[in-house]
Structure formats: C-alpha cells, structure tokens
A.B. asks: 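What follows is a structure written as structure tokens; I'll ask about it next.
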Amino acid sequence: MTTQSLETSRSYSQQQKLKVFLLLGGLALACIASLVLALLTGSIKVTVGELWQLIQFQLGLSDQPANTLSATVVTELRLPRALSALVVGAELALAGCLMQVLLRNPLADPYVLGVSGGAAVGALLSIMAGLGSFWVSGSAFVGALTNLLLVFGLSHASGVWSPSRLLLTGVVTAAGWGAIISFMLSIGEDNQLRGMLFWLMGDLSRASLPGWHGLFLLMSLALSALLARPLNMMLRGELQAKALGVAVYPLQITLYLLASVLTASAVTQAGSVGFLGLVVPHILRLSIGSDHRLLLPATALAGACLLLLADTLARTLIAPQQLPVGVITAFIGVPVFLWVLQKSNRGTV
Amino acid sequence: MNPSHRTIRTALLTLVIAMGLQLSFQTPAEAGAIQVVDDQNQTLTLPQPAKRIISLAPSVTELLYSAGAGDKVVAVVQYSDFPEAAKALPRVGGYTQLDIERILSLQPDLVIGWQSGNQPEALDKLRQLGIPVYITETRFLEQIPDTLERFGQMADTFETAARAANQFRSTLDQLKNQYQDKNTVKVFYQVWSQPLITINKQNLINQVIEACGGQNVFAELNTIAPRIDVEAVLKANPDAIVASGMGVERPEWLDEWLKWPSINAVKNDQLHFIPPGHIQRQTVRVLLGAERLCRQLDQTRTLMADSVDQQGSAQ
C-alpha cells in the first residue's frame, strides 16, 4: 500500500504513459462505440448508411439530407438521450469516486449524503403540483442545493468538523428525505404516482440535450485533474498528507462541493439512477489501482459508457416497452463487480 | 359454589340466551335474505337490504349512485368526486390505504371493495370483523350493467338499477351497431406523457376503442398499462391519438406530437381529448366517453377516406 502510494505521487515513466494512453483511449473508443450503437438501435430502423449520411450532412460535408424520419428520430430522440446518458454516467461515477475518498468509506455513493433525497423531494413536489418537466428539473436542482447547504451547515454547526461527522449528518438527513418521499408517495394520485416512481428509479426518457450540464462536467474533470495529486497523498492518511503540505480542510470542502454539485446535476437530468456511482469507482480501483490522476478520468469514461449501454438496453430489450435504466445498470454492474472483486488481490477497497 | 364461578356461569348463560335470541330474531329475516355472487365468485348473503354502505373505490361510489343507492352510502374513499353529492360524504382513507377503524366505527352493513385497487389483506380483515364484503372487478363493459343490478338488489333499489342497466345496454348496443364494423381506425391511447404510458387489450378502454371500430395499436403488449417510447408510436403510425390526462382540461402534452408530422394522426390533425372521468373509470359515464370517442374516430375515418379519394383522383 505504502509503496504503491509513493509511486502514485511521482511523475509517470515512459511505460506508464503508454499504459495511461491505452486505457483512457480504449475507454473513449468504447464510449464512441456505445454512442454509435445507441444511435442505430430502436423501434424505427436506421441503417449505418443513413447514419453516416446524416453525420456528413450535419458536418456540412454533404448537402444531401438523409431520410427525414430517420434523421429526426436520430437527432431529436436518440442523440439528446444518448448524450445525457454519457454526461449523467460520467457525473455519477466521478461523484461516487470523490465521495469515497472524502468519506474514507467504501460504501459511499453519490447519494449517501442526501443530495438525491433533496432533489427527489423537489421533483416529486412539482410532479404533484402538475408542473411541466422544466419545473420538475428546476425544483430537483433546488432540492439538491438545499440538501447541500443543510448538510454542510449542520455538520459544521458545533464547530468540530470531520468526514465521519459529515457522513452521519448526511445519512440522517437522507433518511429524513426518504420519509418525506414515502409520505408523498402514499398521498399521490395514480397518474402522478407513475411519474413519481419513474423519477425515483431513474429515467432518461425526458432528458434533453445536456447543454450546461455537459459544460459543468468538463469543468469538473479539469478541476479533478488538479485535485488528483493531493488526493493521492490523502490516501496515506490526513496526518501524512498535512505533513506533505496538503491543505486538508479546504480539500475536503472542495471535494464535498464538487461531488454534491455533480450529483445534483446528474439527478436533475435523469432522476436517481442507482448503483452506478457506487460500483464503477470500485471496479476501476480494483483493476487499475488508486492513482487518482488516472482513476478519476477513467471512472468518468467508464461510468459514461456503462450508463449509455444500460440505457440503450433499457429502451430496446423488450421494445416497445421500456425498462427503468437502474434495473439494467444493476444487472450489468453486479456481476462485473463481483468478477473483478474475485480476480483482484489488491487490498485497495 | 365459589361466588366467582357463579358469576362466570351466569355470564355464560346470559351469552347463550342472547345468542339464542339473536338466532330466533334472525330466522324470520332470513326469509327475505338477499343472496348475490360478487366478481370473485363469492356468494354473499345479506339478512336484509343494506342501509349503511361503504364504498372502497371511486367507481363503486358512482355505480351506487347510478343504481339509486346513493342515499344509503355512508362513507367513501378519497377521489370519490362524482356525483357532486359524493364529495360531501365522510372518507375512510384512500383505496390503497383504508382506515379500518373508521370503517368499523361507521357500522356498515355492506362494504363494497375493488379487487385491483384495495389491498386483499384489508378486505379479509373486514370480513373477519363480520362485515359483509362484496368485491367488484370490471374487466368487460358488459359487466357494468350487471353490477348495477346487483347493487340494486343489495340496496333494495332494483327498479332504478335495472332501468339504468337497460339504458346502458341499449346505448352500448346502439354504438356498436353504428360504429363497430366500419373501417378500422388505428388508435394510440395515451394515458400519460411523463412517462409515456398506453394500454393493452386487457384494459376496458381497449373495449371502448373496439366498440367504436378502432384498433388499439398497442393491444398486444403484455402489461395492462405498458410504458413505451416515442419511437414505438412513430413506428405504429396511428390514425388517431386519444389522450385523457388529469382533469377536465385537454392536456398540454397532447400537442407535443405536433413535432412528428410523419404520424398520420398528426398529419390529419386527429389528436383527440376525452376527459378521464368519461373513460378511465368503470362506471356508467364510460358511455359518454364512448360516444365522444366514436364520433372522433368517425371524423378520422371520414378524413382518411377523403385523402384516399384525393390520392385516387391524383393518380
């Protein structure tokens, strides 16, 4: 453990650079492949030729427009949904990874501190009020931010701050949100109930182009690249990190804020898609180690691919009927995780 | 003899006598007892016509009023909003969450439940507590008049109930005769938009659509209220889209289909609205929805015929 951590704070050797390049490149290719697959599959048949023609037309390489129905299906339905799946998947996996470091707890996931609970209460309230999807997303975001401030304030209230105090405050707040959610579900009307349940299970069908969410993801990735070295030092424990010149408290605050806002952005788009944020960071930590310079971008890419693949399956497996995407992420994630865990002999979890 | 033993004996004796008396009182009433079989095939015997009825479903409340038994209903569940008089009645919880104590305290002599809405444990509990429970489950339009008649039997308002039932039967027959065998119109019935939900052939609405000579494009899916995606609708290419939404207003989301002019229904402007109370509840009012739907689909049919004619003359 110690030797590995020491390694991780040094610069890369030539060989390591190649490994990093191959790994991130491979994951990026996998994301592109899943994107193509997502654009090609669905109830309406779209051929590879049509897709290629459409891409050329969109890029201005050709002025021959593709078959109108296929073109609209791809650009209006499949592309926005696929891009949000990529963004949401990356955000959740990254947030989960950061939470696990911050709370020093392998069971931590993006929702452990109640962000999704707060968002759910906001979203469910506006579903009950019969408001449109703009308001549902808006109030989900407000709910998530409320939780962020609440948990932060409460865990600082007594002046003593520690990750375990934050964890306890967050878990109890999350339980509080859970109770409110159960209450709302028990008084909701039938038609609204369906919308509410789908929101809670995570659902990308109402996602539009990710827009500022995508921009925010890119900024978070850049920020996490800056955080990677101090995070590596944190693996040796707070005291050692302090001795090595890491400003531990500001780092923890930054981690908390970054992970919370990432989660808020994800649930605003897709509801609380479960499981991804817990398992993807673990799978990668088990298979590539805990060097955060590599782990953070790799986790984001793997989360993006996994959610996009899962969503494509969710909408096509028993088409025209639709499954909640959370079911599929668990179906793929559980066996993969257990397999990696069996194979691994590292003690990093 | 120990005095406490004597007290117990006296108590027992009193109890036995009381039971005997009750039996002897019951015997003459049993001559006029009412026997009905409910939708779960359970035989229910009422010693006398029900005077204090509790309805455990909004649709049951409506049917009771249609059967002329409205003034015998003492309590209802939430969302019993039709007819107007039902709104003023005491509530015994939502149909999934019943307040058993409240039901008991109202001393009903008949509780009418709803198989696919109420929790079976709650209905069993009521039976164990000695309350007669009649359970409804409407899978076919033809069951509605039958249920009306049975409600009339139990509440001793058979004449009113039979009149309402016969009227229902004749109106339904009339609609079927007029529309059922006309050219088929492909219909997509949209229950909700977020998530996008339709119905399959097990749903009562499917029978309304068929009575009007329509064909539900998602009839063959295997859940009663399947969740689908926009692409599936594009592929099915319905001639008419019918939606209900939440209230008496046409839902805004119905116009979201205007983005997809490739759908025949959108091309021909055949986006129809039916208030949910007129089609989603298994009551007499379903005929209002049926009449409206039949007219709407007939309009679609005429338009389709016209466009075929135009194409024919263009060629």
Side-chain angles (χ1 to χ4, degrees), chain A residues 41-46 67-78 80-81 123 126-137 182-183 185-199 201-207 271 311-312 314-316 318-324, chain B residues 57-59 77-79 81 93-98 116-117 188 190-200 217-237 243-247 249 251-253 255-257 259-263 266-267 276 280-281:
Chain A
T41 47
S43 303
I44 302 273
K45 197 172 170 350
V46 175
N67 173 340
T68 12
L69 181 60
S70 323
T72 5
V73 165
V74 171
T75 52
E76 296 279 319
L77 292 177
R78 293 183 191 166
R81 184 167 173 164
S126 46
I127 294 177
M128 284 180 93
L131 300 172
S133 50
F134 170 77
W135 288 100
V136 175
S137 313
S182 306
F183 173 72
L185 287 178
S186 60
I187 60 166
E189 212 176 324
D190 262 12
N191 274 333
Q192 294 171 333
L193 220 50
R194 290 203 193 96
M196 287 155 90
L197 287 175
F198 275 101
W199 195 97
M201 283 192 278
D203 175 25
L204 282 154
S205 71
R206 64 204 148 79
D311 183 55
T312 307
R315 65 183 173 83
T316 53
I318 55 163
Q321 273 176 271
Q322 309 282 294
L323 291 168
Chain B
S59 60
V77 283
Q78 261 181 331
Y79 303 119
D81 51 5
Y95 55 81
T96 50
Q97 306 273 329
L98 298 170
S116 51
F188 163 53
Q190 185 178 7
V191 178
W192 202 241
S193 83
Q194 291 289 353
L196 184 55
I197 289 180
T198 185
I199 48 146
N200 77 348
V217 290
F218 293 112
E220 294 308 318
L221 295 185
N222 46 23
T223 40
I224 192 155
R227 183 188 172 215
I228 52 164
D229 66 348
V230 174
E231 274 188 44
V233 180
L234 295 180
K235 193 181 176 203
N237 196 8
S244 289
M246 281 287 290
E249 300 276 313
E252 276 170 40
W253 41 255
D255 288 330
E256 282 171 18
W257 294 108
K259 273 207 303 215
W260 301 102
S262 74
I263 305 175
V266 178
K267 210 184 320 174
Q280 289 183 352
R281 272 196 195 163

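Note on naming: letters A, B, ... go to the chains in the order of the sequence lines (proteins, then strands), and numbering restarts at 1 for each one.
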A.B. asks: Check side chain to side chain donor-acceptor pair (under 3.5 Å) between A:R78 and all other residues, then give those that pass, not counting sequence neighbours.
C.D. replies: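 Expected list: B:E231.
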
A.B. asks: Taking only residues two or more places apart in sequence, or in another chain, which ones meet B:W257 in a side chain to side chain donor-acceptor pair (under 3.5 Å)?
C.D. replies: B:Q190

A.B. asks: Taking side chain as everything from C-beta outward and backbone as N, CA, C, O, which of these in B:A225 sits under 4.5 Å from a heavy atom of chain A? Side chain, backbone, both or neither.
C.D. replies: side chain

A.B. asks: If we only count heavy atoms from C-beta on, is the B:V230 to A:V73 side-chain gap below 4.5 Å?
C.D. replies: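 Sidechains of A:V73 and B:V230: no contact.
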
A.B. asks: Taking every heavy-atom pair that is under 4.5 Å apart, which of B:P195, B:P226, B:P261 has the most such pairs with chain A?
C.D. replies: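 Between B:P195, B:P226, B:P261, the count favours B:P195.
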
A.B. asks: Which bit of A:I127 is near chain B, if near means a heavy-atom gap under 4.5 Å: side chain, backbone, both or neither?
C.D. replies: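 Contact with chain B: none, neither part.
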
A.B. asks: Answer yes if the side chains of B:R227 and A:S205 hold a donor-acceptor pair under 3.5 Å, and no otherwise.
C.D. replies: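 Result is yes, a qualifying pair exists.
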
A.B. asks: Output the option from B:Q280, B:Q194, B:Q97 having the highest count of non-hydrogen pairs under 4.5 Å with chain A.
C.D. replies: B:Q194

A.B. asks: Which atoms of A:I318 come close to chain B, meaning under 4.5 Å heavy atom to heavy atom: side chain ones, backbone ones, both, or neither?
C.D. replies: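 A:I318 has no heavy atom closer than 4.5 Å to chain B.
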
A.B. asks: Could you check B:E256 against B:S193 for side chain to side chain donor-acceptor pair (under 3.5 Å), going step by step and ending with a plain yes or no?
C.D. replies: CA-CA 9 Å; B:E256 282 171 18; B:S193 83; 5.0 Å; no

A.B. asks: Please classify the contact of B:W260 with chain A as side chain, backbone, both or neither, using a heavy-atom distance under 4.5 Å.
C.D. replies: side chain

A.B. asks: For B:Q78, is it the side chain, the backbone, both or neither that has a heavy atom under 4.5 Å from a heavy atom of chain A?
C.D. replies: neither

A.B. asks: Of the backbone (N, CA, C, O) and the side chain (C-beta and beyond), which part of B:I197 lies under 4.5 Å from a heavy atom of chain A, both, or neither?
C.D. replies: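 Contact with chain A: side chain only.
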
A.B. asks: Any carboxylate oxygen within less than 4.0 angstrom of a Lys/Arg side-chain nitrogen, looking at B:D229 and B:K235?
C.D. replies: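 Salt bridge flag = no for B:K235 with B:D229.
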
A.B. asks: Using a cut-off of under 4.5 Å on heavy-atom pairs, state which of B:T223, B:V191, B:L196 scores highest against chain A.
C.D. replies: B:T223

A.B. asks: For B:W253, is the CH2 atom crowded, meaning more than 12 foreign heavy atoms sit under 6.0 Å from it?
C.D. replies: yes

